[in-house]
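Please read all numbers here as calculations on a predicted model, not as lab measurements. By convention in this document, chain letters (A, B, ...) are assigned in the order of the sequence lines, proteins followed by strands, and residues within each chain are numbered from 1.
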Amino acid sequence: MSLDRTPRNERTSMQVAKSTTTFDAVNPGRLARLGSVAMLAALVAGCANDAPQDTWQPAGENAQKIHDLQWPVFLVAGLVGVAVFGVLFYALWRYRDTGQPIPKQIHGRPKLEIGLTILPAVILIFVAVPTVGTLIDLADTDDTDCIINVTGQQWWWEIDYPVQDGCGGISEPIITSGQMVIEVGTNVIVRGTSRDVIHSWWIPRLNGKRDMVPGRVHTNRLQAEAPGIYAGQCTEFCGLSHANMRMEVIAMEHDDFEAWKANQLEAYAAPEPESLAAEGESTFISQCARCHQVNGLENSDGELIIARPDLNVWSGAAPNLTKLMTRNTFAGASFDLLSDVCRPLVWEAPSDLVGERYNEGVSADCLNEVDLREWLRNPPAKKPMYTDPTKLEATNGLPRGMPFLALSEDQIDQLIAYLLERK
Amino acid sequence: MAIIERPADVPAVVVPTPTASTNFGYFRRPVETTGWKSWAFTVDHKKIGIMYGVAAMFFFLVGGLEAGLIRWQLAQADGTILSADKYNQMFTMHATTMVFLFVMPMAAAFANYFIPLQVGARDVAFPRLNALSLWVFIFGGVFLNTSWFLGGAADGGWFMYAPNSSGIFSPSNGVDFWALGLQITGIASLVGAINLIVTVLNMRAPGMSMMRMPIFTWMAFVVQMLLLFAIPVITVALFLLMFQRSYGATFFSVEAGADPLLWQHLFWIFGHPEVYILVLPSFGIISEVLPVFSRKPLFGYPFVVFSGAAIGFVGWGVWAHHMFASGLGPVSVAVFSVATMAIAVPTGVKIINWTLTVWGGKLWFTTAMLFAIGLIVQFTIGGLSGVTHAVAPSDTQQTDTYYIVAHFHYVIFGGAVLGLFAGFYYWWPKVFGKLLSETLGKWNFWLMIIGMNLTFGPMHILGLQGQPRRMYIWTDYRAGEGFFNLGFWNLIASLGTIVLGVGIFMFLVNVWVTHRPGSTTLAAPEDPWDARSLEWMSTSPPKPHNYDRTPIVHDLDEFFHRKYEDVGEGDDHDYVLRASGAEVIAEEERNADAHIHLPAPSYWPIVLAAALPIMAYGVIYNTLLIVAGAAVAVMAMFGWALEPADAEPSDFDPPPPEPATGTELANV
Amino acid sequence: MSDSVISDTVKDAIDIVKDHADDVHDHDVHAGDVADDHGDHGGHHSSLGLSNTKLAMWLFLGSECLLFGGLISTYMLYRNRHSANLGPDQLWDIPFTSASSFVLLTSSLTMVLAVSAATRGDLRRTKIFLTVTALLGGLFVAGQIYEFTTFYREGLGFTTSLFSSSFFTLTGFHGVHVSVGIIMLIALVGMLSKNKVSGDNAETVEMVGLYWHFVDIVWIIIFTLVYLIPA
Amino acid sequence: MTETHSPTDDEILAATPHADEKHDNLHGPTDKQFIVIFVVLAVVTSVEVAISYADIGPLFLPVLLLLMVAKFFGVVWYFMHVKFDHQLFGRLFYIGLGLAAGVYVIMLTTFRFFGA
Ligand code: HEA
Ligand code: HEA
Ligand code: CUA
Ligand SMILES: [Cu+2]
């Protein structure tokens, strides 16, 4: 990789140098030019603790390639702007009405005109060539180490790891939602689609976005240089709760990743009989299990319960809750599962501790009970979803999102106890 | 079958039988020259232009109100001003209103008013069709906005991507209103386009060659060509959408095997030419304004003309740059990426020529001039960010973020809207005979410039910091803390909107101050700016028949050359004032043509236009209404077709007074 | 900087792009004081010496190209998306459609003969040929209705498949265009009889003719792309 | 050239077409010729139909398209008079036709690149 990045860097810097010299003739404001470079530098430097979706802070190879392309382009654009404004403002000042006679009626100078037409064309060639180069480069996915499927639906992402040798070996499918866990340094290919409308998968610090279109499979490569939690967001307008359709990618070291996988595939542990959680289990079976799958959950006859979200939700899917408490956000990564106190321990963990802390999951002490309770009490009030039974004619009565279930506070207590053990 | 054998060279001349001019049917022609009837049934391109302008201005305020609500909601994290649902309707209708009901019709207002004047014609080629366009647009716009009161407006965003727009995902009638409403306003644009193209091609005064045409007319002409060919594309898309939603077709249903990208292609094949439809009229306007206030001809007129045409042409080959993240495949993406960059070349030609027009001039910074300069600066910023989108890999980091929102508001607001305001100030005395206040004008300008940069400038930062567009809320968790945090810049953007709104409000104040009853503003001189192009060679406001005698055109900048004489020797060109503008106009008046015939007013355009929303409501609510609307339409069409060519005085209701000035009313 | 440069620039520019103007004039003067096509009195100019209505009609037809182009492309994209036994290969009745194509082509001939008669001022023949054209058009539409009902009986409704929706939409739009043409023809015959045509008879006939031929050429494309080329 | 040449009123008016010069298309084909053209078009149609039944291998598509285009322009040039009329009419139409062909063909092509 580094092999092919080096020459491109050279090319871009050459191109910058070139365009700078071209403008010497026209641009009187040398200072202004320097100023713009300084501003740009400030821009880059200033990004230190900026928004988690900052597109100027690549944290992986793919995003880096884009960044290597984009900053020189921004620079060129900035310089062109400075040149144009320099000339324009100079002229505005120089030729203001100071009582001079009516100017000569000059209609044009074809040679100058043609020259000034060619100049931008030349600049653009210098932009176009690396653009196409990067495009081809980014499209090359031969060295994939790991395949992860994502499926967008209103308004959350399902993430599943199909059985494969990649990702360090997956023996049984892992299905989760909202948060994707990957190993640092591996080339992950996200194969995405959608169950309803178009969504767009975007982890800014790892790569550009890719629309996930129903009926098609589109891919997006991810690779993270360092452990960390990388925020993302659905960026194709997908209806009511588009704003609440977020996701995260958690990159961790090899060992942590292996531990994560092992945990995901652990067998179901039924709650201690008679405990609150056990009551929660039966509430869950009666209220939730028709939509939400919990792997290994059995009914009183000892039969495995298979959720049928396809009969209960328009998109045909609901998040798999088997390991809910191993994630630390829920409902389209819109809300925290971790309380304000515990959240920073994971989210602001030093790079080498991210995986470890993340794998600890959500304990009873750390649970953000407020949001989870509110969610269970009345989901559509917490996050706009299309669940009002009187308005579901078009979808044959099926909601888009999780409906209001009229749970009692007791039931909610039980459910929370039960869910806390899903880790 | 009988074969007709007849020598072809026998000039079998048809004696044009003068059609009977007795009134047809029940209705006689309206004739009022004052009162509402004189507006409702007029076919005068100037009155139609003014009505276009007023209606568009109204929709600007509506669209601006919607924008205000959007910004209010987004001023802080987790805003609570609007629900998610209302917010989605808000930005959809904001964009739809601004694009289809403000900028396009406002450009149509200018085109209607000034194309005939600038080419030296008495009216457009088809005056009744012109009235039809106006009313269809107005009824379409009203129809579209009635959705607010009938179960909610469209909520799919202005590009209304499938399948999110289909009945399942958007079950209210909003999208139906949207599709039908745009269908209706599309008819207005298409009819208008045909009309104005014919006017430009075929109605020019003697001597007015294409290359002597004022530049605004040229740009408006290119725009009409774009409309002519772009409207049918969205018509197809809208029909498919309507069949999908109202008649059970599955053009965008993935379950049925449809490809949702079909919609995207159709929309953007229309949509990209559309953005040049928005901006080229303003390019035309400032290409008139800059020379006048630089006291110099437009630099490189043919370059500006041809670059306009080139923009129009190349604009057809770049639509997929809106789909870089859609999964087109690298080959298509590469092609469209490079094609998009190519558009910067002709656009650059314009920027450069404007700059060189100013260069060496004698600059007079009127409000109109300030707006024109503002356009150059603001549009260039937007254009350059456009080029950064054209770089496809970078665009995958930018698309659907506020960085895009910043781009297009800079090109649209900084390009199209500032240009329109330049036009307001420049041509106000021409249209209304009074100058707007320059003092208020400067307030207007500076507040708008500051406001727009405060509003849209921060959006660059917001977008690059990863704030996606079309989100009814943003969250503190993703806001960051540094200098570039979302909270601060969202707030600035929202506060900026207030400044912007106050700036625009200044314009309304200015109009009020100038025209309020008892206003002390004096009538403007005939030629307040020492202007150059033909339209100023008429009185202000122009007489109903525009020119007292049909002008004969010798030069580009005809009016200038009539005022100034070249007294230089050889290559030295020294111009001295030979006659003032008022004198030139007075000279024309002395040589007025007698017996000028003007097109006669007609009821049919407004009746036919009214039929369309009736049919559209029918599609949504009740098939019977479609039939009723169609009946009205057919009746109107027959009435129209049978309206006699020559309108005799007896045709009118009541018969018009004897023409005193030699102006007769006649039909076209 | 001299004005000669200016005029040179302008002339060059004109040469480079070969503005259509060069069809009309010697110098770049091609404006006219010609009465417009409705024969009124000098109120309007015709800078090209052309008819406004005819220009408008051609512009409209140019615009229609993009309308039908869109519908045809939609069909081309979706023509294979249908259930196993209800696709073009099972449904098309090529001999029948060939016959109706032939009918439409013939109507183009009668239309052109009507125009030719109208230019000669032969009102009687004009009306006859217009009527025949309308009848042939009617025959074509009848054929299309017959075809649609057959398909429908075989199970192909408007919403059956993507293929059916896009097929019916495309041919339906064409059918509506033909029907509108028929109405125009009939109305024109009536107006000619009553001497109610505003403007020049021959030109009005020609306008309807242009529209009619356009509908025919659209069918020429549909016939080949939709019917003859197998899916 | 040192002097700008601004034409005089008289020059302009002299170069201006007059009402009676109106471009009329009396000089199109005769009725007989129209019928011949019609016959040709009819024959081409039959050939097309015949080809659709015959098996002519890889030439099938190009030949059929060629015949289609030929018919198309047959009608446009002769029946619609484009060949004999003022060129502007045809050009306006061809712009639309060309744009439609270009834009839609490119659109359909992009659907082929999917899955990459
Ligand atoms: C008036 C309207 C208008 C105009 C004129 C433009 C002009 C341009 N636009 Fe913009 N655009 C929009 C309105 C407009 N756009 C809208 C509304 C959207 C969003 C739609 C939506 O998603 O809702 C959009 C979105 C949009 C996208 C898609 C972004 C995305 O969603 O991912 C792209 C991508 O390429 C793009 C590019 C361009 C380019 C290259 C130009 C060029 O024409 C700009 C050319 C101008 C200059 C470059 C400046 C002057 C030139 C010089 C000074 C010469 C020298 C310059 C160089 C050498 C670089 N635009
Ligand atoms: C012609 C086009 C046009 C124009 C002029 C504008 C003008 C403005 N636009 Fe808009 N906009 C679009 C076209 C346009 N926009 C489009 C195409 C979209 C994309 C939609 C989509 O994603 O589907 C969009 C989206 C869009 C968004 C993003 C929404 C989102 O993605 O969630 C925002 C957010 O700030 C915004 C803001 C504004 C503002 C503040 C103005 C201002 O310039 C408005 C200024 C006008 C006024 C303020 C009204 C007049 C003044 C008064 C009545 C006086 C009193 C008022 C006050 C004191 C406030 N616009
Ligand atoms: Cu999913 Cu936006
Ligand atoms: Cu675009």
Point to revise | chain B contact via C:Leu71 - which portion, at a heavy-atom distance below 4.5 Å | key: both

Review point. Within a radius of less than 6.0 Å around CZ of B:Phe313, do more than 12 heavy atoms belonging to other residues, nucleotides or ligands occur?
Key: no

Practice item. Mind checking the CZ-CE spacing from B:Phe638 to C:Met191? Nearest 0.5 Å is all I need. Key: 8.0 Å

Check your understanding: So which of B:Ala249, B:Gly248, B:Ala258 has the largest heavy-atom pair count under 4.5 angstrom toward chain C?
Key -> B:Ala258

Practice item. Using non-hydrogen atoms and a 4.5 Å limit, figure out which bit of B:Tyr247 sits close to chain C: side chain, backbone, both or neither. Key: both

**Study point:** From C:Ser63 atom OG to B:Ile194 atom CD1, the distance as rounded to the nearest 0.5 Å
**Key:** 6.0 Å

Point to revise | Side chain / backbone / both / neither for B:Leu190 at chain C, heavy atoms under 4.5 Å | key: side chain

**Study point:** Separation of B:Leu262 CG from C:Ser73 OG (nearest 0.5 Å)
**Key:** 8.5 Å

Review point. Of all heavy-atom pairs between C:Leu67 and B:Pro232, which one has the smallest distance, and what is that distance?
Key: N-CB, 3.7 Å

Review point. Would you say C:Tyr78 and B:Asp259 make side-chain contact, with heavy atoms under 4.5 Å?
Key: yes

**Study point:** Residue-level contacts of residues 155-180 of chain C with chain B, using a heavy-atom cutoff under 4.5 Å
**Key:** C:Phe158, C:Thr159, C:Ser161, C:Leu162, C:Ser165, C:Ser166, C:Thr169, C:Phe173

Exercise for review: Kindly compute the distance separating CG (C:Leu66) from CG (B:Leu228), expressed to the nearest 0.5 Å.
Suggested key: 8.5 Å

Review point. How many angstroms lie between CG in B:Leu240 and OG1 in C:Thr74, if you round to the nearest 0.5 Å?
Key: 5.0 Å

Check your understanding: How many angstroms lie between CG in C:Leu55 and CZ in B:Phe126, if you round to the nearest 0.5 Å?
Key -> 7.5 Å

